[in-house]
Amino acid sequence: MNTTKYIFVTGGVTSSLGKGIIAASLAKLLQARGYRTTIQKFDPYINVDPGTLNPYEHGECFVTDDGAETDLDLGHYERFLNVPTSQANNVTTGRVYLSVIEKERRGEFLGKTVQVVPHITNEIKERMQLLGQSGDFDIVITEIGGTVGDIESLPYIESVRQLVWELGEHNSIVIHLTLVPYLAAAGELKTKPTQHSVKTLMESGIKADILVCRTEHELSADLRQKLALFCNVTKEAVIQSIDAKTIYEVPNLMLEEGLDVVALKKLDLPEKSAPDLKQWNEFLSRHKNPKQTINIGLVGKYVELQDSYKSILEAFIHAGAANETKVNVVSIHSEYIDASNVAEKLKGIDGILVAPGFGERGIEGKIETVRYARENNLPFFGICLGMQMAVIEYARNVLHLENANSTEMNAETPHPVIDLMESQKTVTEKGGTMRLGAWKCDLKPGTLAHKIYGKDQIAERHRHRYEYNNTYAEALQNAGLVSSGINPDTGLVEIVELENHPFFIGVQYHPEYKSTVANPQPIFVSFVAAIVKNKK
Ligand code: GLN
């Protein structure tokens with residue numbers, strides 16, 4: 001018999017309340033009590049996955065080991081739980097419809113009229129139970145994207161309603177995350193939006209079991225009582241989620257509020273031991289008590305939107321804590337950097353990260369930044385496009401290959417030092433067709449990369465179409481740009497680095513996706529350490 005229990009998390013009143021963080025925090029507490037817990041996210045948009053979305057639309061696209069391009073909330077799940085997610089952890093409306101329509105084309109519905117209910121809802125319910133049925137988890141938390149009442153959320157809400165009924169009493173609960181706004185003019189916290197949101201949920205046949213209330217001020221006992229009465233939940237099920245300085249404090253705040261205990265009680269599960277948060281709290285304490293501060297310039301083109309580089313920013317938090325250092329990430333727009341102002345733009349910056357990206361916009365500024373870092377012994381770390389820019393810079397300024405470029409930016413370049421991967425040349429569709437997911441990489445002994453990882457082989461996650469052109473490998477190496485990481489199957493250069501520099505490394509993959517609180521990513525950790533050292 002499958003005994004997996006389900007927790008559904010819905011959101012009300014507004015978007016951006018941080019459902020992902022609440023879900024991840026609850027999962028963390030349950031995990032720390034000894035429950036095997038996972039989180040999945042169901043997103044109501046029609047894109048089959050967020051891979052085709054511009055970062056300005058939906059923030060960063062997170063990539064899993066198995067090559068799924070997913071919502072950035074999966075990054076939070078991994079960073080909190082230190083358990084990898086997969087394709088099954090993120091489902092969109094587009095994915096659901098695609099699969100139902102493919103089944104219809106194959107004739108699987110035997111001539112029936114295919115409808116939202118039951119066909120779409122059945123597909124959703126099946127997918128909601130996929131991870132639970134694997135037997136790997138005691139508790140599956142399902143976050144429903146969007147806000148209750150949205151037209152596009154309806155099939156998900158109906159699916160949750162049916163599932164709650166089918167799973168039977170004590171086998172599932174619904175947590176509703178809402179906002180309790182503070183009206184400054186009245187000097188009061190207001191419960192009405194929450195009441196309305198719970199009512200909307202009720203109209204769809206779902207009773208919230210627990211309310212998590214985002215608020216800027218403490219909820220009084222009276223207010224909690226009022227929320228409980230009008231929203232039809234027990235008093236201990238009104239959970240306050242007050243604004244925190246860092247998302248990493250939220251598990252402790254939820255523990256104080258008893259969110260995990262209420263959830264377990266309603267699921268008829270034992271509390272087991274008190275959550276073991278020793279390692280987590282050690283991290284928090286290092287994070288909150290830094291011994292020094294460094295400024296890292298994040299040079300990219302999506303810098304206006306913090307979420308575009310979410311995993312990179314979080315990886316710096318983990319690496320900062322590991323080094324007891326406050327990492328101040330300064331966003332620098334690459335489009336406005338040129339040879340005449342680069343020194344000015346990078347003033348006060350102790351280390352440079354050139355960000356991933358696509359397309360031509362802002363790349364000359366990135367190349368100029370790499371040159372500056374290389375020539376001025378400023379610690380440098382290039383990720384994906386950032387690594388490609390380092391190769392182009394070296395080809396142009398050290399090998400003197402005029403107009404060397406990536407064929408992504410200039411198809412006619414005389415020196416395509418970065419070129420489309422062979423396997424990409426026949427690709428015509430955009431969605432899910434990049435080189436994605438974890439690939440092996442052999443590290444050359446004696447190099448910086450080998451020293452950083454402390455092993456001969458690693459596997460890191462990728463998301464790209466272009467690659468280091470091996471035609472130029474010998475010339476680049478002879479001139480000092482060392483290829484220190486190579487894919488054992490394809491010979492693809494994954495890491496380049498410089499000797500005789502305080503820290504200079506570029507990686508074709510995305511190390512930021514694998515950084516977690518429990519396992520800070522080694523390059524980020526070493527980069528921060530090198531900057532601290534270099535500064536001294
Ligand atoms: N645009 C480059 C490529 O496709 C880099 C991609 C990235 O930075 N993620 O290879």
Side-chain angles (χ1 to χ4, degrees), residues 49-65 67-70 72 75 298-303 305 307-313 315 334-335 352-367 369-370 380-393 395 404-411 413 416-439 441 460-470 472 485 487 490 492-496 505-515 521 523:
D49 59 49
T52 52
L53 285 171
N54 183 321
Y56 289 122
E57 288 284 320
H58 209 68
E60 163 192 284
C61 170
F62 187 77
V63 178
T64 59
D65 277 336
E69 295 176 285
T70 73
L72 59 79
L298 172 63
V299 179
K301 70 169 175 178
Y302 308 113
V303 289
L305 189 74
D307 273 0
S308 310
Y309 302 116
K310 195 78 201 162
S311 294
I312 292 177
L313 299 179
S334 56
E335 232 179 322
I352 303 264
L353 185 133
V354 175
F358 295 85
E360 206 192 342
R361 186 163 67 91
I363 70 139
E364 291 303 325
K366 288 185 172 174
I367 294 170
T369 304
V370 181
F380 166 83
F381 182 10
I383 297 183
C384 207
L385 185 68
M387 172 267 201
Q388 299 177 352
M389 295 300 108
V391 174
I392 294 170
E393 191 277 325
N405 214 329
S406 162
T407 49
E408 179 182 5
M409 321 303 168
N410 174 8
T413 169
V417 290
I418 303 294
D419 199 6
L420 196 59
M421 276 179 274
E422 205 46 49
S423 55
Q424 286 286 331
K425 291 190 175 152
T426 48
V427 170
T428 50
E429 298 205 357
K430 289 273 183 265
T433 56
M434 282 188 242
R435 179 174 181 244
L436 291 166
W439 294 93
C441 171
E460 291 274 13
R461 301 178 191 174
H462 294 70
R463 184 171 188 252
H464 65 121
R465 294 187 200 281
Y466 293 81
E467 65 172 327
Y468 179 107
N469 183 348
N470 266 323
Y472 294 88
N487 178 286
T490 59
L492 179 60
V493 172
E494 303 273 25
I495 312 177
V496 295
I505 197 163
V507 295
Q508 182 59 75
Y509 51 83
H510 289 264
E512 69 274 23
Y513 293 142
K514 278 182 49 171
S515 191
Q521 208 286 335
I523 307 185

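Just so you know, ligand 1 is whichever comes first in the structure, and atom 1 is the first atom listed for that ligand. Excluded from the calculations below are hydrogen atoms, water molecules and symmetry mates; all remaining heavy atoms, backbone and side chain alike, are included.
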Q) Does ligand 1 have a heavy atom under 4.0 Å from the side chain of E408, from its backbone, from both, or from neither? A) side chain
Q. Taking NZ, NE, NH1 and NH2 as the nitrogens, is one of them in R361 or E335 under 4.0 Å from a carboxylate oxygen of the other?
A. yes
Q) Are the side chain of N469 and the backbone N or O of P416 linked by a donor-acceptor pair below 3.5 Å? A) yes
**Q.** CE-CD1 distance between M389 and I367, expressed to the nearest 0.5 angstrom
**A.** 5.0 Å
**Q.** Check ion pair E69-R463 (N to O, under 4.0 angstrom)
**A.** yes
Q.
Considering non-hydrogen atoms of the protein only, which is the closest contact for atom 4 (O) of ligand 1, and what is the distance?
A. R465 N, 3.0 Å
**Q.** Residue and atom name of the nearest protein heavy atom (relative to atom 10 (O) of ligand 1), distance in Å to one decimal
**A.** Y466 N, 2.9 Å
(Q) Which of the numbered atoms in ligand 1 are under 4.0 angstrom from any heavy atom belonging to H510? (A) 9 (N)
Q | Residue pair S334 / V299: nearest heavy atoms and the distance that separates them | A | CB-CG1, 3.7 Å
Q: Give yes or no for whether the N/O distance cutoff of 3.5 Å, strictly under, is met between L385 and ligand 1.
A: yes
Q.
Any side-chain to backbone donor/acceptor pair from H510 onto E512? Under 3.5 Å, distance only.
A. no
Q: Just let me know how E467 lines up against ligand 1, side chain, backbone, both or neither, with a heavy-atom cut-off below 4.0 Å.
A: neither
Q: Could you tell me whether some N/O pair between G357 and ligand 1 is separated by less than 3.5 angstrom?
A: yes
Q: Starting from atom 7 (C) of ligand 1, find the nearest protein heavy-atom neighbour and note its residue, name and distance.
A: C384 SG, 2.9 Å
Q. What do you reckon, does Q388 put a non-hydrogen atom under 4.0 Å from ligand 1?
A. yes
**Q.** Part of R463 within contact of ligand 1 (heavy atoms, under 4.0 Å)
**A.** backbone
Q: Using a cut-off of 6.0 Å, state whether more than 12 heavy atoms not belonging to K430 lie near its atom NZ.
A: no
